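What follows is a set of notes on a single structure, which appears directly below.
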Amino acid sequence: MPELTLSDVTVHYEVTGDGPPMLLIAGMMSDCASWAPLLPHLSNHFTLICPDNRTTGRTTPWDAPASPKIWAEDALALLDHLGHDRAHVLGHSLGGYIAWALASLAPERIASCTMMASAPLHPARNAALFEGLLSVRRSSAPPDTWLRLFLPWIFTPALYQSPGAIDAAIAQSLAYPYAQSAEAMAHQLAAVVTADATLFHARPEVPLHALLGEQDLLIPLADAQAALIDIPTTVIKGCGHAPHWDAADQVAHHLRHFIGGLAS
C-alpha cells in the first residue's frame, strides 16, 4: 500500500498510467477512489497520482491538522517523494481550491492547473448545506438519509430517471470500507470554513483552466464564470457537480486538448 509518512500524517496514495505526471486532488468527503471513472480515459496519456487528502480514505490519523495550505503542502511533499519536479494538476470541487493553493505556493512546480466544478468562491450556502448534512448524519436517522439529501446536489436529474441508479450509488457508498466518518467530515468542514482566503486573492502564475458543469448546483455556472473571468473555461453540457462521473470521456478530452495546446 503506497504511503508517504510526514511528521504528523501518513498519506495514502495510488499511482497508475504512463506519461507526464498529473496529480488528481479529490473533493469534499472524497478520496482517491472518486477518480475511478476518469482513470481509464487518462492512464494512457499521463502518470496519474491520486492521494487521499487529510481527513479522507486511508490517510491517517483522520484528525491531523488540515487546511487548503496544508493539503497543498502535502501534495508538494508527495511530488518530492515520487521524484517529480513538475506536474499537471486537476482538482475537483474542494480539490480545485487545493490545486489553486498549490499553484500559488509553488508555481514553478505546476505545469498546468485545472479546476473542475470549482472556482475561487466561498459560498455560505454550501457551508450551511454541509453543516445540515452533518447534523442529519449524526442523528438517529437511517444511515442512507444524509446521502439521499446530498446526491441531488451532485448529480443531475437524468440520473434519477434511471431505475435503481440512486439506490445503487447509495449502497456502494455505504459499503465502501474507507468512507469518511462523520467526525472526519466535521474536521474537514471546519478546515474549509476557517480557511485563509488570502491564498485565493491572486491568480497563480501558471497555465490555468476550468471545467464547469452546466447544471452544477454547488458551484453555479454563472458564479463560477464570473470568478474565473480571465481564465479559459470549458462548460460540459448536461453535467452537475461531478463531471468526471457524468461525462468522464468529455472531461478527459478537454483536459488533453488543453494540455496539448500548451506545447504548441
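None of these values were measured; they are calculated from a predicted model.
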Q) With side chains defined as the heavy atoms from C-beta onward, is the minimum distance between L23 and I110 less than 4.5 Å? A) no
**Q.** Nearest-0.5 Å distance, OH of residue Y13 to CD of residue E3
**A.** 9.0 Å
**Q.** Under the side-chain hydrogen bond (donor to acceptor under 3.5 Å, both in side chains) test, residues paired with E14 that sit two or more places apart
**A.** H12, R58
Expected list for residues 221-232: side-chain donor-acceptor pairs under 3.5 angstrom, two or more places apart:
none

Q | Between F155 and Y160, ring centroids under 6.0 Å | A | no
**Q.** Heavy-atom side-chain proximity of L76 to R109 below 4.5 angstrom
**A.** yes
Q: Report the distance from atom OG of S30 to atom CD1 of I25, rounding to the nearest 0.5 Å.
A: 13.0 Å
Do any side-chain atoms of residues 242-249 form donor-acceptor pairs under 3.5 angstrom with protein atoms, and if so which ones, sequence neighbours left out?
from : atom 1 : to   : atom 2 : distance (Å)
W245 : NE1    : S34  : O      : 2.9
D246 : OD2    : G240 : N      : 2.9

Quick one: side chains of residues 90-102, donor-acceptor pairs under 3.5 Å with protein atoms, not counting sequence neighbours, listed by atom name and distance.
from : atom 1 : to   : atom 2 : distance (Å)
H92  : NE2    : H241 : O      : 2.7
S93  : OG     : H241 : NE2    : 2.8
Y97  : OH     : A119 : O      : 3.3
Y97  : OH     : L121 : O      : 2.6
W100 : NE1    : L199 : O      : 3.4
W100 : NE1    : A202 : O      : 3.4

Q) Given side chains that start at C-beta, do those of L255 and T114 come closer than 4.5 Å, heavy atoms only? A) yes
Q. Under a 4.5 Å side-chain heavy-atom rule over Ile, Leu, Val, Met, Phe, Trp and Tyr, are L78 and I70 clustered together?
A. no
Q | Partners meeting side-chain contact (heavy atoms from CB on, under 4.5 Å) with R148 (sequence neighbours left out) | A | D144, I166, D167, I170
Q.
Looking at every heavy atom in both I219 and P123, which two are closest together, and how far apart are they?
A. CD1-CG, 4.4 Å
Q: Mind listing the closest non-hydrogen atom pair of V206 and C113 along with its distance?
A: CG2-CB, 4.0 Å
Q: Please identify each residue that fulfils side-chain contact (heavy atoms from CB on, under 4.5 Å) with T47, with sequence neighbours left out.
A: V15
(Q) Under a 3.5 Å threshold, yes or no: a donor from one side chain and an acceptor from the other, between Y176 and D31? (A) yes
Q) Quick check: are there more than 12 heavy atoms from other residues, nucleotides or ligands sitting under 6.0 Å from CD of Q172? A) no
Q | Nearest atoms (heavy-atom pairs only) where L79 meets A87 | A | CD2-CB, 3.9 Å
Q: Before giving the answer on side chain to side chain donor-acceptor pair (under 3.5 Å), spell out for Q180 and T55 the whole-Å C-alpha distance, their side-chain angles and the decisive distance to 0.1 Å.
A: CA-CA 7 Å; Q180 188 185 52; T55 78; 3.2 Å; yes
